[in-house]
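Just so you know, these numbers use all the heavy atoms, side chains as well, and skip hydrogens, waters and symmetry mates.
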Amino acid sequence: MRSVDRGRYAMLGLVGVVLVLSMATWFSGTAVLGELQRAHGLDEGQAAWITNAVQLGFVVGAVGSSVSGLADAIAARRLMTGAALLAALANFSLLAAPDFSGLFAARFVTGLALAGLYPPALKVIAGWFVKGRGLAMGAAVGALTLGSSAAYLIRAFGGVDWRLVVTVSSAAALLAAGLTAACLREGPYAAARPKFRFDGVALVLRDRGLLLANLGYFGHMWELYALWAWFFAYAQAAERAPALAALPSAAILAFLVIGAGAAGCVCGGLLGDRIGRTATTALMMSISGVCALAIGFAFDGPAWLFGAVALVWGFTAVADSAQFSAAVSELADRETIGAALALQTGIGFALTLVSIRLVPLLAGAVGWRWAFLMLAPGPFIGVLAMLALRRSPESLRVGAGLR
């Protein structure tokens with residue numbers, strides 16, 4: 001038993017490192033979007049699609065692997081190694097992209113590759129943890145969150161040379177591929193890899209508990225990636241507000257706000273295993289929804305209040321993310337866990353295409369100050385879904401009956 005415990009924590013640490021390194025490519029284009037606009041003469045619509053291309057690629061990859069059965073049929077080590085390698089190459093190709101089409105293709109393939117990393121990583125964690133699964137998945141999603149913020153940290157300390165951000169994040173993903181190939185192992189609770197089965201998605205869609213858990217996740221996703229994608233631009237607008245002159249640089253603030261979610265994920269994992277997944281997700285979405293409503297009012301200062309609202313938002317917006325994945329892994333049949341997780345993330349990320357596109361459009365109409373108001377309905381709808389799951393008999397299968 002002790003050897004299993006040592007093995008599972010070693011694998012959790014490895015998955016965390018792999019996610020931090022590989023997810024650095026997610027926002028590498030967004031972190032240098034202004035520089036890409038000037039270098040390639042992009043208009044505002046094209047610039048927005050440079051960010052959305054990653055989301056679109058992820059959706060295609062996640063839904064495709066779910067429908068085809070690849071998420072369950074291919075060994076996680078092989079799938080994740082190939083995905084990290086592809087992410088590194090696609091991200092690096094930004095340096096050679098001649099125009100908008102090349103930039104879009106590079107970002108799309110990056111997202112496609114990352115769909116082969118995130119859901120399988122959660123499946124690996126589920127194979128090592130039964131007890132403490134919420135905390136373990138929280139730690140993994142915390143690593144993903146930290147990796148997603150890394151491009152802004154590279155920018156903050158590397159100056160405005162966008163090529164450095166792209167090069168360093170690509171090298172990080174390449175290192176992730178090597179670590180995965182050399183060290184990743186699946187756990188003792190992993191389901192045997194089934195043959196291809198195209199009815200896995202149908203089984204997932206017919207389960208009421210999974211539908212409610214997914215609806216909660218979709219509300220959460222409406223908010224999360226639009227916050228992550230556009231907070232840097234939001235912070236740049238905040239820098240120009242006289243009452244907020246004391247704020248740190250936009251790049252540092254974006255790193256801190258997104259990075260705060262790493263601690264939030266660990267906290268959410270602890271709460272999920274202690275008070276239940278439905279209670280934890282409802283609590284975190286309630287707080288993050290209020291932050292989405294409140295942050296525009298904080299533009300009037302003082303700077304510490306704006307910073308506090310932003311940090312609490314960054315902490316809570318992702319703190320519940322792993323609990324949705326943990327709930328799905330507990331509600332789904334063992335043989336369809338991969339398909340269930342891939343379908344959940346695929347549809348969730350499809351929603352982010354809409355919210356990420358709408359935020360800058362609203363900012364153009366009413367200014368950045370009020371642009372995040374449109375995100376608030378997502379978490380509030382998610383709260384209703386998770387409370388409905390809490391009242392249903394299916395919730396007894398979640399978190400060892402803790403709901």
Minimum heavy-atom separation for A317 and D320, please, with both atom names. O-OD1, 3.5 Å

Would W228 and T145 count as a side chain to side chain contact (heavy atoms under 4.5 Å, CB included) if you check the C-alpha gap in whole Å, the side-chain angles of each, and the deciding distance to 0.1 Å? CA-CA 10 Å; W228 282 2; T145 302; 3.5 Å; yes

Test F232 against F255 for ring pair (Phe, Tyr, Trp, His ring centres under 6.0 Å), laying out the working first. CA-CA 9 Å; F232 178 54; F255 168 74; over 10 Å; no

Can you tell me how far CG of L42 sits from CG of L36, rounded to the nearest 0.5 angstrom? 7.0 Å

Between W368 and W230, what is the ring plane arrangement, given parallel below 30°, perpendicular above 60°, and tilted in between? tilted

Y217-F349 aromatic ring centre distance below 6.0 Å: no

Could you tell me whether the side chain of V54 reaches within less than 4.5 Å of the side chain of F27, counting heavy atoms only? no

Heavy atoms only: give me the nearest L244-A303 pair and the separation to one decimal. CD2-CA, 3.7 Å

Just so I know, are the side chains of F324 and M386 near enough to count as touching, which here means a heavy-atom distance under 4.5 Å? yes

A140 and L122 have their tightest heavy-atom pair at CB-CD2, 4.4 Å

Nearest-0.5 Å distance, CG of residue L146 to CG of residue L21: 10.0 Å

May I ask you to test the E35-R155 pair for a side-chain heavy-atom distance under 4.5 Å? yes

Where at least one partner belongs to residues 133-154, residue pairs that pass salt bridge (Lys or Arg N to Asp or Glu O under 4.0 Å), sequence neighbours excluded: none

Under 3.5 Å, sequence neighbours excluded: what are the donor-acceptor pairs made by side chains of residues 288-301?
residue : atom : partner : partner atom : Å
S288    : OG   : E223    : OE1          : 3.1
S288    : OG   : E223    : OE2          : 3.3
S288    : OG   : M284    : O            : 3.3
S288    : OG   : M285    : O            : 3.2
D300    : OD1  : R369    : NH1          : 3.3
D300    : OD1  : R369    : NH2          : 3.2
D300    : OD2  : R369    : NH2          : 2.8

I want to check something: taking the side chain as every heavy atom from C-beta on, are F104 and Q46 in contact at a cut-off of under 4.5 Å? no

Would you call the rings of F372 and W313 parallel, tilted or perpendicular, where under 30° means parallel and over 60° means perpendicular? perpendicular

Partners meeting side chain to side chain donor-acceptor pair (under 3.5 Å) with S321 (sequence neighbours left out): H220

Report yes or no: does E186 contribute a side-chain atom to a donor-acceptor pair with the main-chain N or O of A75 at less than 3.5 Å? no

Side chain to side chain contact (heavy atoms under 4.5 Å, CB included) assessment of L387 paired with R391: CA-CA 6 Å; L387 292 179; R391 293 190 298 268; 3.9 Å; yes

Is there side-chain contact between W128 and V15, with heavy atoms separated by less than 4.5 Å? no

Side chain to side chain donor-acceptor pair (under 3.5 Å) filter on S149, not counting sequence neighbours, yields none

F92 atom CZ, over 12 foreign heavy atoms within 6.0 Å: no

Test side chain to side chain contact (heavy atoms under 4.5 Å, CB included) applied to V354 and W222, step by step: CA-CA 8 Å; V354 180; W222 174 262; 3.8 Å; yes

Could you give the distance from CZ (F100) to CG (D43), rounded to the nearest 0.5 Å? 8.0 Å

Should V359 and L362 count as side-chain neighbours, where that means a heavy-atom distance under 4.5 Å? no

Determine the minimum heavy-atom distance between R390 and A279, stating which atoms define it. NH1-CB, 3.5 Å

Given side chain to side chain contact (heavy atoms under 4.5 Å, CB included), test S392 with L389 step by step and report yes or no. CA-CA 5 Å; S392 72; L389 176 59; 3.6 Å; yes

side-chain hydrogen bond (donor to acceptor under 3.5 Å, both in side chains): which pairs involve residues 52-64, sequence neighbours left out? W26-Q55, Q55-T352

What one should report as the nearest heavy-atom pair of V59 and A350 is CG2-N, 3.1 Å

List for me each residue that meets side chain to side chain donor-acceptor pair (under 3.5 Å) alongside S28, sequence neighbours excluded, and say none if there are none. N91, R107

Looking at side-chain heavy atoms only, is the closest gap between P188 and R8 below 4.5 Å? no

Separation between OG1 of T30 and CD1 of I50, rounded to the nearest 0.5 Å: 9.0 Å

Spatial distance of atom CG (L351) from atom CE (M221) [nearest 0.5 Å]: 8.5 Å

Which atom names give the shortest non-hydrogen contact between L212 and A385, and what distance separates them? O-CB, 3.7 Å

Other residues, nucleotides, ligands: >12 heavy atoms within 6.0 Å of E239 CD: yes

Taking the side chain as C-beta and beyond, is there a heavy-atom pair between L95 and R163 under 4.5 Å? yes

Atom pair CG (L384) and CZ (F380), whose distance is rounded to the nearest 0.5 Å: 10.0 Å

Report yes or no: does T280 contribute a side-chain atom to a donor-acceptor pair with the main-chain N or O of R277 at less than 3.5 Å? no

